[in-house]
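FYI, the numbering just counts along the sequence from 1.
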Amino acid sequence: MFFEILTTSLMGGIALKAFSKSRGMSSNDSGKIQRIMSLAGLNVRDGKDTLTAQLVKKKQYEWGWEYKFRIPLGRSFTDYEAKQHVFEDGLNNRRKHITFNDLRQMDFNKDLLLQLQQLWKAKLTEQKEIELSYDGLLIVRVYDKPLAKEVPYTSGKGWRVPVGVTRAMNEFKYHDFEMVPHVVLGGATRYGKSNFINSTICSLVQCEPEHTKLYLIDLKGGVELCDYENIKQTISIAYEPHDALHTLQLAYDQMRHIQRELKRRGKKNVQEAGIKERYFVVIDEVGELNAAEAVTKEEKRLKLECQTLMSQIARLGAGLGFRLVVATQYPVGDVIPRQVKQNADAKLCFRVQSAVASRVVLDAEGAEALPMVKGRAIYQTADKREILQTPLITPQIIHDTIQPNIIDKKGERVEETAIQPRRTDTVTFEEV
């Protein structure tokens, strides 16, 4: 009896305190953000006056709070973006509070003390994350929980392929190749570029098996894309630079053939002509085709030819049904051909080592500040930039996806087999 009275009193006290804290939490965060701005040197002196950011609006969502500030004259969004880590560290440097919503989720028919211990332990490890944007006002989004570190693979629909989950309400983001034909990928090794390429190929093979045509170039020796050697969608595959030239030439010749066909029909693009096939030129580790790193004159000539073909496909391919996906783990200088980068309105950048590398891919800093989480990336289009967690695709999913599409290149379907070790030799296939 005494224990029940004590427990009830304890829970009532915690609930009352949690409720009072939850009522005042938003004002505490907004005030703390303004104080962080002041201490971080973001206020502006105008004679005897000090101009500060003014809170215009605040709103609560399921994922957390959104604050909008009018920034003072003399400051730009870039000034605040450069201090993002200061805001995040400052907001997490606080005492942890148990909220009324936390208590509502407890099961009062079970051990309350044990649940309180577990809840308090979770609170101690809880980390808020923030996101900054600008639309005339500085928008500060404070997320109660960090973005998920692992997202299961989900196929897209048609030419829309999965990109990842954003913070806001776990929204799943897709890339539409019909709207944005070319994509550039960047990021340090083992952070998710090849995983994204595999999920893209599998989604295309699942959703458009009869109309997807692949030209694959895997300059990691074939360890990433060799699974797709014998599927009917693969027209040509290469694992070395000299084979890459052959594959790119085949793609270019096909592109010119479609161009002549459109001219004959009097149509401007494949959509208008009713041509359903789409041709994907996928290059994993385009840095291996950098002519500046060539050792011999012959090697330099070969790599320059590859870059020329890539640039022509990037410039002319969109209306002809060609889609270019280019990835590199060492984004510096001219590793990504300029014509390819300028014609790719979509960029997906995983964590990189420096702000310089981030600017090469995104034309902006930010990717160097991403957390050291595999699959975490910045997805940037012409009008939007978002941080998201890309989906993880497993070898078993790849196997199950491609198995119905494996042929012996004579048109006969191959019976299902167990997952085989990846090949590393060089093989090139042509469509007859």
Would you check if the side chain of Arg278 reaches a backbone N or O of Thr212 as a donor-acceptor pair within less than 3.5 Å?
no
Keeping Thr234 on the side-chain end and Asn230 on the backbone end, is there a donor-acceptor pair under 3.5 Å?
no
Provide the closest heavy-atom pair for Ala364 versus Ser358 in the form atom of the first, atom of the second, distance.
O-OG, 2.7 Å
Would you say that Asp400 contacts Gln396 through its side chain, given a criterion of any heavy-atom pair below 4.5 Å between the two side chains?
yes
Once rounded to the nearest 0.5 Å, what's the spacing between atom CZ of Phe69 and atom CG of Leu137?
10.5 Å
Side chain to side chain contact (heavy atoms under 4.5 Å, CB included) partner of Glu210, chosen from Glu277, Lys232, Lys276, Gln233:
Lys232
Considering non-hydrogen atoms only, spot the tightest contact between Val361 and Gly186 and give its length.
CG2-CA, 4.1 Å
Check: Asp218 and Ile237 side chains under 4.5 Å, non-hydrogen atoms
no
Rounded to the nearest 0.5 Å, what's the gap from NE2 on His257 to CG on Leu262? Could you check?
9.5 Å
Write down the atom of Gln206, the atom of Ser155, and the distance for their closest heavy-atom approach.
OE1-CB, 3.2 Å
Passes side-chain contact (heavy atoms from CB on, under 4.5 Å), Val286 versus Val335? Steps please.
CA-CA 7 Å; Val286 71; Val335 167; 4.2 Å; yes
Mind running salt bridge (charged side-chain N to carboxylate O under 4.0 Å, His left out) on Lys173 and Glu386 for me, showing each step along the way?
CA-CA 10 Å; Lys173 197 79 178 179; Glu386 296 176 286; 3.0 Å; yes
One thing to verify: whether Glu88 and Lys128 come together as a salt bridge, which I'm taking to mean a side-chain N less than 4.0 angstrom from a carboxylate O.
no
Do side-chain atoms of Thr166 reach the backbone of Glu171 as a donor and acceptor pair under 3.5 angstrom?
yes
Do we see a donor-acceptor contact under 3.5 Å between the side chains of Tyr239 and Glu229?
yes
Checking ring-ring contact (aromatic ring centres under 6.0 Å, His included) between Phe280 and each of Tyr215, Trp159, Phe322, which is the one that passes?
Trp159
Side chain proximity check, Lys374 to Leu392, heavy atoms < 4.5 angstrom:
no
Once rounded to the nearest 0.5 Å, what's the spacing between atom CD1 of Ile283 and atom CG of Leu225?
11.0 Å
Can you list the steps and then say if Thr381 with Tyr379 is a side-chain contact (heavy atoms from CB on, under 4.5 Å)?
CA-CA 7 Å; Thr381 54; Tyr379 176 63; 3.6 Å; yes
With side-chain contact (heavy atoms from CB on, under 4.5 Å) as the criterion, how do Leu348 and Leu388 come out once you've worked through the C-alpha distance, each side chain's angles and the decisive distance to 0.1 Å?
CA-CA 10 Å; Leu348 184 68; Leu388 43 72; 4.3 Å; yes
Any donor and acceptor pair, going by atom type alone, linking the side chain of Ser203 with main-chain N or O of Gly156 inside 3.5 Å?
yes
Just wondering, do Ile378 and Ile387 contact through their side chains at under 4.5 Å, heavy atoms?
yes
Let's go through Glu131 and Tyr143 carefully: what are the C-alpha distance in whole Å and the side-chain angles of both, what is the deciding distance for side chain to side chain donor-acceptor pair (under 3.5 Å) to 0.1 Å, and is it a yes or a no?
CA-CA 8 Å; Glu131 199 171 57; Tyr143 296 89; 3.0 Å; yes
Could you tabulate the donor-acceptor pairs under 3.5 Å formed by side-chain atoms of residues 35-44, not counting sequence neighbours?
| residue | atom | partner | partner atom | Å |
| --- | --- | --- | --- | --- |
| Ser38 | OG | Asn43 | ND2 | 3.2 |

Other residues, nucleotides and ligands only: do more than 12 of their heavy atoms fall within 6.0 Å of CZ on Arg301?
yes
Counting only heavy atoms not in Gln353 (residues, nucleotides, ligands), do more than 12 fall under 6.0 Å from its CD?
no
At what distance, to the nearest 0.5 angstrom, does OG of Ser199 lie from CD1 of Ile398?
9.0 Å
Under 3.5 Å: donor-acceptor pair, side chain of Gln389, backbone of Lys149
yes
Taking C-beta and beyond as the side chain, do Phe87 and Ile33 meet within less than 4.5 Å on heavy atoms?
yes
Are Ser30 and Trp65 side-chain neighbours, meaning at least one heavy-atom pair lies under 4.5 Å?
no
Does a side-chain heavy-atom distance below 4.5 Å link Asp363 with Lys341?
yes
So, Gln403 and His399: side-chain donor and acceptor under 3.5 Å apart, yes or no?
yes
Ion pair Glu178/Arg323, N-O distance below 4.0 Å
yes
Distance-only polar pair, side chains of Asn198 and Tyr228, donor-acceptor under 3.5 Å
yes
His175 and Phe177 aromatic ring geometry - parallel, tilted or perpendicular at 30°/60° bounds:
perpendicular
What are the two closest heavy atoms between Pro209 and Asn405, and how far apart are they?
CB-OD1, 4.0 Å
Heavy-atom pair of closest approach, residues Pro72 and Tyr80
CD-OH, 3.3 Å
Would Arg260 and Arg256 count as a side-chain contact (heavy atoms from CB on, under 4.5 Å) if you check the C-alpha gap in whole Å, the side-chain angles of each, and the deciding distance to 0.1 Å?
CA-CA 6 Å; Arg260 291 190 294 270; Arg256 286 298 191 183; 3.8 Å; yes
Interatomic spacing from CD1 in Ile336 to CD in Gln342 - rounded to 0.5 Å:
11.0 Å
Considering non-hydrogen atoms only, spot the tightest contact between Asp79 and Lys83 and give its length.
O-CG, 3.5 Å
In this structure, are over 12 heavy atoms from other groups packed under 6.0 Å from Arg70 atom CZ?
no
Do Val140 and Leu132 come close enough that some side-chain heavy atom pair is under 4.5 Å?
yes
About how many Å separate CG of Leu51 and CG of Leu73, when rounded to the nearest 0.5 Å?
7.0 Å
side-chain hydrogen bond (donor to acceptor under 3.5 Å, both in side chains) pairs touching residues 183-197, sequence neighbours excluded, are Thr189-Gln329, Ser194-Lys220, Ser194-Asp284
Could you tell me whether the side chain of Gln84 and the main chain of Ala82 form a donor-acceptor pair under 3.5 Å?
no
